[in-house]
Amino acid sequence: MNSEDQQNYEAVSSFTGASKALVWQRDALTESRSDWLADEVPVALVYNGISHVVMMSTPKDLKAFALGFSLSEGIIVAPEEIYGIDVVPGCNGIEVQIELSSRRFMALKEHRRAMAGRTGCGVCGVEQLNDIGKPIEPLPFSQTFDLNLLDNALRQLKDYQPVGQLTGCTHAAAWISEAGQLTGGCEDVGRHVALDKLLGYRSRKGWARGAALVSSRASYEMVQKSAMCGVQILFAVSAATRLAVEVAERSNLTLVGFSKPGRATVYTHPQRLINTLR
């Protein structure tokens, strides 16, 4: 193990997120070597003793995931409506036990959907197609962002992917301050879970001004989750889907795709962006 691998190992060994396995390379099929793999386990979100959803997730930052999922799915409207979160490992996965206020729990029971999560899937188990879109209060136009600061934020994104740097197998979601610095970020094998973790982390930190940056494409779920949590600007490293653009337009969210050094494609509401790159 070289010095860089050793540093990465020490960083990852402080939490569960990656583990070693034997692999064979194309040009050396008779010789195995060890390599890092991202961990992916079933994580059940259990509200007041009732399991609501099982998602495949990287088993780190699970309290932030529970808070962010609860906010982005409209289960709660404020962090104070969760009284406690406990992460309980089991033999076949992990339970995240969430204690909701009685009012929110009653509302959840009325609108429960039986869904079995999959990595990267946003509508698993939705009972009717009409249930896919959630009503979103249109966002205000109270923020701006200087696009000339985006390149610096993109360079920092890998700093929030220790498992991804070892395995090449995670998505990242991070928060960009108005000054163009990443103030925090999360990673996961699922892009939606990475974003939920960030939204939970952002809620705990009280970050309001700035923008979200995701290392993936922008699907409609990513836009919807962001808008539900009051995020006005969403940068995606890859493309956006048509439905994502439609949801962003309706919710007044500024959606930017193909966010690369010296490049950005603005899909909706460019009035929040200044000093547009030429």
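Since the structure is predicted, the reported quantities are computational estimates derived from the model, not experimental observations.
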Report task. Report yes or no: do V77 and V231 belong to one cluster of Ile/Leu/Val/Met/Phe/Trp/Tyr joined by side chain heavy-atom distances under 4.5 Å? Result -> no
Query - Spacing of CZ belonging to R155 relative to CG belonging to N152, to within rounding of 0.5 Å - result: 5.0 Å
Report task. For this output row, return yes or no: ring centroids of Y201 and W207 closer than 6.0 angstrom. Result -> yes
**Report entry** Donor-acceptor pair, side chain of D39 and main chain of A18, under 3.5 angstrom
**Finding:** yes
Query raised in the report: Taking only residues two or more places apart in sequence or in another chain, which ones pass salt bridge (Lys or Arg N to Asp or Glu O under 4.0 Å) with E178?
Result: R209
Requested in this report: State the CD-CG distance between E221 and L243, to the nearest 0.5 angstrom.
Outcome: 8.0 Å
Query - V245 side chain reached by L255 side chain, heavy atoms, under 4.5 Å - result: yes
Requested in this report: Would you confirm whether Q143, through its side chain, and A208, through its main-chain N or O, come within 3.5 Å as a donor-acceptor pair?
Outcome: yes
**Report entry** Donor on one side chain, acceptor on other, S57 and D188, under 3.5 Å
**Finding:** yes
Requested in this report: Report the distance from atom CG of L149 to atom CG of L154, rounding to the nearest 0.5 Å.
Outcome: 11.0 Å
Query raised in the report: Do R103 and E81 meet the salt-bridge criterion of a basic N to acidic O distance under 4.0 Å?
Result: yes
Report task. Output yes when a side-chain donor or acceptor of K197 lies under 3.5 Å from a complementary backbone atom of K60, and no otherwise. Result -> yes
Query raised in the report: Hey, is the main chain of L199 close enough, under 3.5 Å, to the side chain of S203 for a donor-acceptor pair?
Result: no
Query raised in the report: Side chains of V189 and M56: closer than 4.5 Å at any heavy-atom pair?
Result: no
Query raised in the report: Atom CG of L67 and atom CD1 of I76: how far apart are they, to the nearest 0.5 Å?
Result: 5.5 Å
Query - Of L108, L100, I98, the residue whose pairing with N48 passes side chain to side chain contact (heavy atoms under 4.5 Å, CB included) - result: L100
Query - Salt bridge present between D196 and K225 (N-O < 4.0 angstrom) - result: yes
Query - Any L150 side-chain heavy atom under 4.5 Å of I176 side chain - result: yes
Requested in this report: Kindly give the heavy-atom pair with the smallest separation between L157 and S215, and that separation in Å.
Outcome: CD2-CB, 3.9 Å
**Report entry** Which atom of A212 lies closest to which atom of L198, heavy atoms considered
**Finding:** CB-CD2, 4.4 Å
Requested in this report: Might you point out which heavy atoms bring E73 and M228 nearest each other, and give the distance in Å?
Outcome: C-CE, 4.2 Å
Report summary line: On a heavy-atom basis, the closest approach of V214 and A173 is CG1-CB, 4.0 Å
Report summary line: Interatomic distance, NE2@H192 vs CD@Q224, rounded to 0.5 Å, equals 10.0 Å
Query - Under 3.5 Å: donor-acceptor pair, side chain of T144, backbone of L273 - result: no
Query raised in the report: Does some side-chain heavy atom of F105 sit less than 4.5 Å from a side-chain heavy atom of E110?
Result: no
**Report entry** Residue pair Y160, W175: steps toward the side chain to side chain contact (heavy atoms under 4.5 Å, CB included) verdict
**Finding:** CA-CA 11 Å; Y160 295 91; W175 189 253; over 6 Å; no
Query raised in the report: Short question: side chain of S251, backbone of A227 - any donor-acceptor pair under 3.5 Å?
Result: no
Requested in this report: Could you tell me whether the side chain of I233 reaches within less than 4.5 Å of the side chain of L253, counting heavy atoms only?
Outcome: no
Query raised in the report: Does any donor atom in the side chain of Q232 or S142 lie under 3.5 Å from an acceptor atom in the other side chain?
Result: yes
**Report entry** Working for side chain to side chain contact (heavy atoms under 4.5 Å, CB included), residues D86 and V96
**Finding:** CA-CA 6 Å; D86 293 311; V96 182; over 6 Å; no
Requested in this report: Apply side chain to side chain contact (heavy atoms under 4.5 Å, CB included) to the pair I274 and F145, showing each step before the final yes or no.
Outcome: CA-CA 6 Å; I274 58 176; F145 186 84; over 6 Å; no
Report task. Might you work through the side chain to side chain contact (heavy atoms under 4.5 Å, CB included) test for V53 and F69, ending with a clear yes or no? Result -> CA-CA 10 Å; V53 63; F69 180 90; 3.8 Å; yes
Report task. Verify, without hydrogens or angle tests, whether R202 (side chain) and C229 (backbone) share a donor-acceptor contact under 3.5 angstrom. Result -> yes
Query raised in the report: Are V87 and F65 connected, step by step, through hydrophobic side chains (Ile, Leu, Val, Met, Phe, Trp, Tyr) whose heavy atoms are closer than 4.5 Å?
Result: yes
**Report entry** Residues which pass side-chain contact (heavy atoms from CB on, under 4.5 Å) with F141, listed by chain and number, not counting sequence neighbours
**Finding:** N252, H269, Q271, R272
Query raised in the report: What pair of heavy atoms forms the shortest contact from S51 to A44, and how long is it?
Result: OG-CB, 4.2 Å
Report task. Check whether any side-chain heavy atom of D159 sits under 4.5 Å from a side-chain heavy atom of L182, and report yes or no. Result -> no
**Report entry** Co-membership, hydrophobic cluster, residues Y83 and L71, 4.5 Å side-chain
**Finding:** no
Report task. Spell out, as yes or no, whether a donor-acceptor pair under 3.5 Å connects the side chain of E99 to the backbone of I82. Result -> no
**Report entry** Side-chain donor-acceptor pair present, Y47, S70, cut-off under 3.5 Å
**Finding:** yes
Query raised in the report: Between Q161 and E187, is there a donor-acceptor pair closer than 3.5 Å when you use the side chain of the first and the backbone of the second?
Result: no
Requested in this report: Might you point out which heavy atoms bring G230 and L139 nearest each other, and give the distance in Å?
Outcome: CA-CD2, 3.7 Å
Query raised in the report: With distance as the sole test, does E95 use its side chain to make a donor-acceptor pair with the main-chain N or O of V46 at under 3.5 Å?
Result: no
Query raised in the report: Is there a side-chain contact between L37 and K20 (heavy atoms, below 4.5 Å)?
Result: no
Query raised in the report: W24: which other cluster members, linking ILVMFWY side chains closer than 4.5 Å, directly or transitively?
Result: L22, L29
Report task. For the residue pair R217 and M222, establish whether any side-chain heavy-atom pair is separated by less than 4.5 Å. Result -> no
